[in-house]
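Below is one structure, written out as structure tokens, with a few remarks after it.
Residue numbers run from 1 in the order of the sequence given.
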Amino acid sequence: MSKSTAQKITDLSGHEHIEIIGAREHNLKNITLRFPRNQLVVITGISGSGKSSLAFDTIYAEGQRRYMESFSAYARSFIGNLERPDVDKINGLSPVISIEQKTTSRNPRSTVGTVTEIYDFMRLLFARAGEAFSYLSGNKMVRQSEDQILDAVIANFAGKKLTLLAPVVKGRKGHYRELFVQIRKQGYSKVRVDGEVLEITAKMQVDRFKIHDIEVVIDRIVPQEKDRHRLGQSIAAAMKEGKGVIMVMEENGRVHHFSKYLMDPKTGLSYDEPAPNNFSFNSPYGACPTCTGLGVIEEITEDSIIPDKKLSISRGAILPLGEYRDIWIFKKVEGILKRYKLTLSTPVKDIPKEVLKVLLYGDDVPVAVASVKYPGTEWNTKFEGIINFLQKQKDEGSEAMRKWVEDFTIIKVCPECNGARLKKESLHFKLDNKNIAELAELNINALQAWFEGLENRLNEKQRVIATEVLKEIRKRIGFLLDVGLDYLHLNRPLRTLSGGEAQRIRLATQIGTQLVGVLYILDEPSIGLHARDNAKLIKALKDLRDLGNSVIVVEHDKEMMLESDYIIDIGPGAGRHGGTVVAEGIPQEFLKNNSTTARYLNGILRINHLKERRKGSGEKIQLLGATGNNLKNVDLEIPLGTLTCITGVSGSGKSTLIHDTLFPILNQHFFNSRTEPLSYKKMEGLKLVDKVIEVDQSPIGRTPRSNPATYTGVFTDIRDLFSQMPESKIRGYKTGRFSFNVKGGRCETCEGAGLRLIEMEFLPDVYVPCETCKGKRYNRETLEVRFKGKSISDVLDMTVEEAVTFFENQPRILRKIQTLSEVGLGYISLGQHATTLSGGEAQRVKLATELSKRDTGKTLYILDEPTTGLHFQDISHLLDVLQKLVDKGNTVLVIEHNMDVIKSADYIVDLGPEGGGGGGRIIAKGTPEQVSKNPASYTGKFLKPELN
């Protein structure tokens with residue numbers, strides 16, 4: 001749609017602008033603002049200046065509230081009223097759709113394919129047009145009508161003596177006494193049991209503990225054309241008894257199978273009529289029964305609970321038991337070992353396999369243990385086995401027990417479906433020699449290539465069925481390619497995606513809906529996107545605009561700002577120092593302003609890099625022969641004592657190399673972690689580092705009970721301080737009184753959360769402030785204890801910046817809060833609910849937590865895109881913090897797309913050249929200057945102008 005058409009739609013609505021009058025939500029200072037509709041508008045500003053408060057808490061919240069108002073009073077009674085944002089008036093507001101980073105699902109069943117609906121259309125395609133093959137013989141399955149079966153019997157067996165059989169029991173145990181009585185009542189006198197034809201006698205039954213096949217003998221015939229009518233009646237009767245399946249037996253005992261369903265004529269294997277849910281791993285009709293459609297199983301194995309077989313049981317060889325203590329379980333184990341003339345001091349490697357099996361899986365022989373309470377008596381009980389006990393706790397135990405057992409479980413690919421997630425029947429439906437699971441493992445680029453020209457590879461009937469479905473699939477694949485997600489595959493779980501990737505998937509889905517006249521609000525969609533793919537994303541947003549929609553983007557990306565139609569800069573500072581509009585206008589006008597953002601955009605301010613690159617300590621750690629996922633035998637070396645950047649286009653293998661290979665190796669070495677690294681040959685230089693710290697973007701907590709104060713540990717020190725107050729000592733309050741997680745000092749209505757969860761029937765759950773404590777979390781008595789005139793609840797409501805001043809004379813508390821301020825989080829409050837923090841903020845809280853600990857000068861820090869959600873000025877502060885860490889001798893390894901960080905690195909490792917199968921190799925390595933001269937590196941191409 002052209003811009004002129006979009007303009008006409010604007011005029012139809014009667015409003016050409018969106019006008020906000022008197023916005024005061026959070027830190028906004030009575031903002032009045034007017035910007036054009038049906039344009040791409042960027043809201044920018046320093047982290048914490050109030051961008052999200054304007055975009056999400058004001059514009060989106062009001063749009064959602066007005067939508068709710070349109071429901072009937074009856075429907076609203078189920079939903080509850082949404083709070084009106086603190087704004088006087090908003091004019092020209094369209095229906096609002098927000099695409100945030102935090103809305104990704106943690107469910108392992110939610111995948112790229114299910115969210116984009118591509119997999120749903122593929123299920124429909126395979127159910128209606130797929131060809132079935134037998135998993136026993138590999139033959140193509142056939143389905144026949146009664147007339148076709150009749151013709152085939154007359155044509156193939158004319159003049160031969162045949163027995164017509166109807167299968168009633170197939171491969172099941174039981175005595176089947178009632179079944180034989182029933183068959184006799186229906187007028188049949190013979191049955192074939194396990195291949196032998198028998199007369200039905202009174203009280204006839206078979207061995208109930210053996211597996212049987214039973215068929216009813218319907219008729220004995222010699223097929224001829226003149227007997228067609230009688231033969232047809234017999235086949236119809238056999239079909240009825242055999243529920244659509246019949247068997248024809250020749251005199252020599254050879255059996256032929258016929259079915260009106262899908263059947264293998266050679267083995268008699270039949271499949272149910274395929275439906276779309278037969279190809280869904282979220283449905284019991286399609287999911288693999290072993291892993292219930294997850295593709296992996298959790299298992300407690302001998303190796304996971306006995307990692308070191310050189311140790312004896314008394315020295316702690318069996319991890320769940322630990323070292324020897326005078327307790328019942330060790331007496332039990334000792335009793336079993338005594339039976340085999342062994343002791344607790346015998347090394348596990350010298351214990352025979354059958355004895356180890358008894359210890360791990362138990363047996364039925366009672367074990368005598370002397371009673372402590374009644375000397376001279378013995379308890380004789382069976383031993384259930386250590387693994388069986390752990391498995392029982394995992395399935396039925398308390399939350400704490402389950403967490404404990406997790407330490408001894410390993411996750412491995414399901415042996416039944418080999419990670420394909422589906423039943424074997426579903427995996428034997430094919431199109432052009434591929435099953436649905438194989439297609440779900442192809443990256444989007446390869447998938448598009450496979451669907452290209454698929455009609456020419458199908459037969460006439462399949463082509464007619466598939467045409468419409470293929471249109472939908474191709475359209476949706478196109479949208480994913482438009483937003484630069486060509487390296488993902490459909491089976492990729494949604495929870496493994498970065499915030500930016502998940503957001504771009506939702507963006508692709510929204511473009512697919514082709515809605516018009518909507519206001520879209522996006523939260524930093526460029527996160528995790530290489531500079532090369534940025535143009536694709538901007539084009540996708542412009543396409544959304546050109547359909548006739550207004551697009552508001554909260555963003556820090558330079559290119560996005562310059563390509564937008566209108567920029568709004570909120571500032572000048574963070575928290576209470578922000579909340580005003582410092583500059584606005586079309587990009588050309590905006591650049592003439594004097595705001596911090598404008599000065600960074602027009603080059604007056606810039607982030608300078610070190611002129612001298614550090615050489616490091618001269619030592620290095622090396623990871624050799626990494627081949628996980630798409631990595632092609634990669635050898636990685638990291639010079640110690642440097643700031644090293646891992647770069648490359650999205651999907652080139654950065655996360656595979658660092659998160660899934662390097663970090664698990666180091667984590668196993670230093671902390672005995674159970675996470676298995678992906679395949680590699682060897683690791684060198686481990687002795688040169690004494691600990692590893694990974695700071696990723698996963699949330700710091702899943703509930704409102706988690707907050708920066710509890711995560712960094714500073715809240716423990718604050719509670720200690722409050723318990724030392726004279727008022728606390730008079731009342732006898734200990735530290736626990738000031739915890740909102742235990743009974744005593746907390747508000748019991750909301751159990752210390754300050755919020756109550758309202759479960760919506762058909763919308764996401766919402767949290768509302770507790771009506772008893774008004775969100776303060778504590779009861780009245782606890783709030784009466786004050787330090788410098790502030791209660792514990794007031795302290796939680798303080799911003800980090802305010803707390804730095806407030807606790808300036810409390811060194812233990814100050815050290816932890818100071819680091820939060822240094823990483824650019826001065827604007828968040830200490831008690832801010834973890835659920836409201838963005839991925840970048842959560843990561844910086846973790847970074848601050850690690851920085852406040854004493855470093856050793858030999859620590860390796862691994863950070864994943866720490867610039868997420870940061871303004872140019874905040875990036876500058878963050879780089880100062882990272883450079884300080886390196887100056888102390890530590891090594892900082894950063895996965896990053898931001899050119900300001902990349903140009904400030906001492907050493908770069910660039911992966912690529914493409915994403916997915918086209919990546920997985922190291923294209924360039926060395927200083928930023930060396931990488932920028934490498935013609936094969938996309939990163940180098942974008943780095944060159946930055947260095948100049």
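- Closest of all the heavy-atom pairs between Ser98 and Arg506 is O-NH2, 3.3 Å.
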Asp887 vs Arg614, salt bridge (Lys or Arg N to Asp or Glu O under 4.0 Å): CA-CA, chis, key distance, verdict: CA-CA 9 Å; Asp887 289 339; Arg614 294 185 192 84; 2.9 Å; yes
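- In plain terms, the two heavy atoms of Leu879 and Ile607 that are nearest each other are CD1-CG2, 3.8 Å.
- With rounding to the nearest 0.5 Å, the separation of NZ in Lys691 from NZ in Lys853 is 6.5 Å.
- For the atom pair CD1 of Ile792 and CD1 of Ile718, the computed distance is 6.5 Å after rounding to the nearest 0.5 Å.
- Residues Leu601 and Phe590 have side chains in contact (heavy-atom distance under 4.5 Å, counting atoms from C-beta outward).
- Note: His871 and Tyr600 have perpendicular aromatic rings, judged against thresholds of 30 and 60 degrees for the angle between ring planes.
- With respect to Lys776 and Asp797, no salt bridge is recorded, no charged nitrogen being found less than 4.0 Å from a carboxylate O.
- Rounding to the nearest 0.5 angstrom, the gap separating the NZ atom in Lys903 from the OG1 atom in Thr939 is 15.0 Å.
- Between atom CG of residue Leu943 and atom OG of residue Ser937 there is a gap of 8.0 Å, rounded to the nearest 0.5 Å.
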Trace of the salt bridge (Lys or Arg N to Asp or Glu O under 4.0 Å) decision for Asp900 with Arg606: CA-CA 9 Å; Asp900 287 322; Arg606 52 178 301 159; over 6 Å; no
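- Closest heavy-atom contact between Ala531 and Met899: CB-CE, 4.3 Å.
- We find that Glu501 and Arg504 are not joined by a salt bridge, their nearest charged nitrogen and carboxylate oxygen being 4.0 Å or further apart.
- Between His897 and Leu529 there is no side-chain heavy-atom pair separated by less than 4.5 Å.
- Ion pairing between Asp690 and Lys858 fails under the 4.0 Å rule for side-chain N and carboxylate O.
- A side-chain donor-acceptor contact under 3.5 Å links Asp910 and Thr647.
- Considering CD of Glu694 and NE2 of His659, their distance stands at 5.0 Å, rounded to 0.5 Å.
- A distance of 6.5 Å separates OG in Ser791 from CZ in Phe722, rounded to the nearest 0.5 Å.
- For Lys846 against Val695, the heavy-atom pair with the smallest separation is CB-CG1, 3.6 Å.
- Side-chain contact, Asn27 with Arg576: no donor N or O sits under 3.5 Å from an acceptor N or O.
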